[in-house]
Amino acid sequence: MDIAIVIVAAGRGTRAGGGLPKQWQPVGGKPVARWTLERLAGFGRLCMVIHPDDRTLAAQVCDGLEVTLVDGAATRDGSVRAGLEALAPTAPDVALIHDVARCCVPDAVVQGVIYALETHAGAAPALAVSDALWRGENGLVVGTQDRTGLYRAQTPQGFRFDAILAAHRAHPGGAADDVEVARAAGLDVAITQGDERNLKITLPGDFARATGLLERQMDVRLGNGYDVHAFEEGDHVILCGVEIPHDKALRGHSDADVGMHAVTDALYGAMAEGDIGRHFPPSEPQWKGAPSEIFLRHARDLASEKGFTISNVDCTLICERPKVGPHAPAMIAKMAFILGITEDRVSIKATTSERLGFTGREEGIAAIATATLVRT
Ligand SMILES: Nc1ccn([C@@H]2O[C@H](COP(=O)(O)OP(=O)(O)OP(=O)(O)O)[C@@H](O)[C@H]2O)c(=O)n1
Ligand SMILES: C[C@](O)(CO)[C@H](O)COP(=O)(O)O
């Protein structure tokens, strides 16, 4: 399914206050709009609708991300329409329409809308009203309201693209949200699971609530790596960056550091970024005999660019010989230095395979590794 996401960000944020419209103000160390863009980038192509006065701010916030910027209108529904019209020449199957100010939206809320669009023309997240409802006048309760069947609407609101574009073109304007526009055009809209964390920053106090939510939402990734290199004639092996005298060497296109390769692949795996072969193809002659440190540094830098901190790595070398134990402290020091983390976050250990299999017959060395990345 080709998905485009229209993020409406052309409002002035008057109720939220502050020197800038709320979407450009910081929460948890980044502008509100940046959080929203990063959260949605994995779900489809991004189109952000902005006020013409905000082009410079918007370009800064989008740095490094692929985002189509479109000028908005004086009303929310006008801005949505501008975004949809901009997408029309390369129409996606579905459009998700999201308030920029809902910067804490959990993945599950977005995914719930996408699943529902397989069977409905429209889908939107909401929470059933759970508090009693009153009518009030001049500070006094003047009546109560039955809450049965009442929901609090959230975004993203998703629709078949052609249907929502036609609905917006036909609508007279003044709709509270896109579900109202869709229903006016006769589209069925499924209610999907909303989330209390999917708040819309509207009033000044909402910045602190959003900051608290974002600080508690850690992105923790685990990756694994596995590698094997065969022995050939030689007088040393390189394991986790340390040269160890041996009566054989390891064969490989690079320096055949099987342990460092496994850790590097674990880091790539945690980022869903493939493996060493994808970034350094063995078909390319410049990597012949290359120190594996190049690969590990690349994975480390990629993690840093994506905002991840390496929390720990754990590597097990599987071989009968050479004995790893005496060299483990040097290996840990070397790996910690390259990764830029403290030694207590690096574990390197070894096991034999009880003389079973290719490692048992001393035909080669295998290594497995795990890495944890954390993004806050
Ligand atoms: N002309 C407008 C008005 C609103 N929006 C967007 O619609 C969303 C929901 O609107 P709201 O939370 O009311 O934002 P503002 O209009 O910016 O806030 P305020 O009413 O306090 O000025 C926001 O992402 C806002 O940027 C928009 O793109 N174009
Ligand atoms: C679309 C919306 O987020 C649904 O809750 C909301 O209606 C938009 O914000 P506004 O404050 O009503 O403009």
Side-chain angles (χ1 to χ4, degrees), residues 2-92 94-105 107 109-110 154-159 161 164-165 168 173 175 177-178 198-204 206-207 209-211 213-214 217 219 305-307 375:
D2 180 18
I3 300 174
I5 302 152
V6 176
I7 298 170
V8 279
R12 299 293 76 200
T14 44
R15 287 170 290 172
L20 288 172
K22 58 190 176 186
Q23 56 271 37
W24 316 124
Q25 293 187 41
V27 278
K30 282 190 258 191
V32 169
R34 181 76 193 192
W35 284 106
T36 308
L37 289 165
E38 286 179 359
R39 262 155 199 274
L40 296 176
F43 290 99
R45 13 183 188 130
L46 298 174
C47 167
M48 186 159 70
V49 186
I50 57 165
H51 193 283
D53 291 351
D54 295 349
R55 283 184 199 142
T56 307
L57 282 165
Q60 283 165 1
V61 162
C62 293
D63 186 40
L65 297 172
E66 210 169 303
V67 185
T68 303
L69 293 177
V70 175
D71 282 349
T75 58
R76 185 186 185 281
D77 50 9
S79 294
V80 172
R81 166 104 186 255
L84 295 174
E85 295 288 359
L87 289 170
T90 55
V94 302
L96 305 186
I97 301 162
H98 188 65
D99 295 328
V100 72
R102 293 188 191 270
C103 58
C104 309
V105 60
D107 285 359
V109 170
V110 185
Q154 300 187 340
T155 68
Q157 300 183 350
F159 308 90
F161 181 76
I164 193 65
L165 177 60
H168 265 277
D177 65 7
D178 304 289
N198 189 16
L199 87 160
K200 179 165 72 69
I201 296 178
T202 303
L203 302 171
D206 293 334
F207 288 102
R209 287 175 63 208
T211 302
L213 286 168
L214 293 167
Q217 285 179 28
D219 187 358
E305 277 164 32
K306 289 173 177 279
R375 182 164 58 189

Legend entry - Partners meeting salt bridge (charged side-chain N to carboxylate O under 4.0 Å, His left out) with D54 (sequence neighbours left out): R12
Legend entry - Residue pairs fulfilling salt bridge (charged side-chain N to carboxylate O under 4.0 Å, His left out) with at least one residue in residues 22-31, sequence neighbours excluded: K30-E38
Inset, instruction - Looking only at non-hydrogen atoms, find the nearest pair between A210 and C103 and report the distance. - result: CB-SG, 4.4 Å
Legend entry - Short side-chain to backbone donor-acceptor contact, R15 and T202, under 3.5 Å: no
Legend entry - With sequence neighbours excluded, residues passing salt bridge (charged side-chain N to carboxylate O under 4.0 Å, His left out) with D219: R221, R375
Inset, instruction - Can you sort out the partners of D206 under salt bridge (charged side-chain N to carboxylate O under 4.0 Å, His left out), two or more places apart, ordered by chain and number? - result: R209
Inset, instruction - Give the C-alpha distance, both sets of side-chain angles, the deciding distance and a yes or no for side-chain contact (heavy atoms from CB on, under 4.5 Å) between N198 and H98. - result: CA-CA 11 Å; N198 189 16; H98 188 65; 4.3 Å; yes
Legend entry - Any donor-acceptor pair under 3.5 Å from S79 side chain to V8 backbone: no
Inset, instruction - Can you run down the side chain to side chain donor-acceptor pair (under 3.5 Å) pairs that involve residues 60-74, sequence neighbours left out, and say none if there aren't any? - result: R55-D71
Inset, instruction - Quick one: closest heavy-atom pair of V105 and P156, and the distance? - result: CG2-CD, 4.1 Å
Legend entry - Under the side-chain contact (heavy atoms from CB on, under 4.5 Å) test, residues paired with A74 that sit two or more places apart: none
Inset, instruction - Using side chain to side chain donor-acceptor pair (under 3.5 Å) as the criterion, point out the one residue from R76, K200, Q157 that pairs with D99. - result: R76
Legend entry - I164 to D178 - nearest heavy-atom pair and separation: CD1-O, 4.0 Å
Legend entry - Residue pair R39 / L214, side-chain heavy-atom distance below 4.5 Å: yes
Inset, instruction - Taking the side chain as every heavy atom from C-beta outward, state whether D2 and F161 have any pair of such atoms under 4.5 Å apart. - result: no
Legend entry - Q23 and L57: CA distance, side-chain angles, deciding distance, side-chain contact (heavy atoms from CB on, under 4.5 Å) verdict: CA-CA 10 Å; Q23 56 271 37; L57 282 165; over 6 Å; no
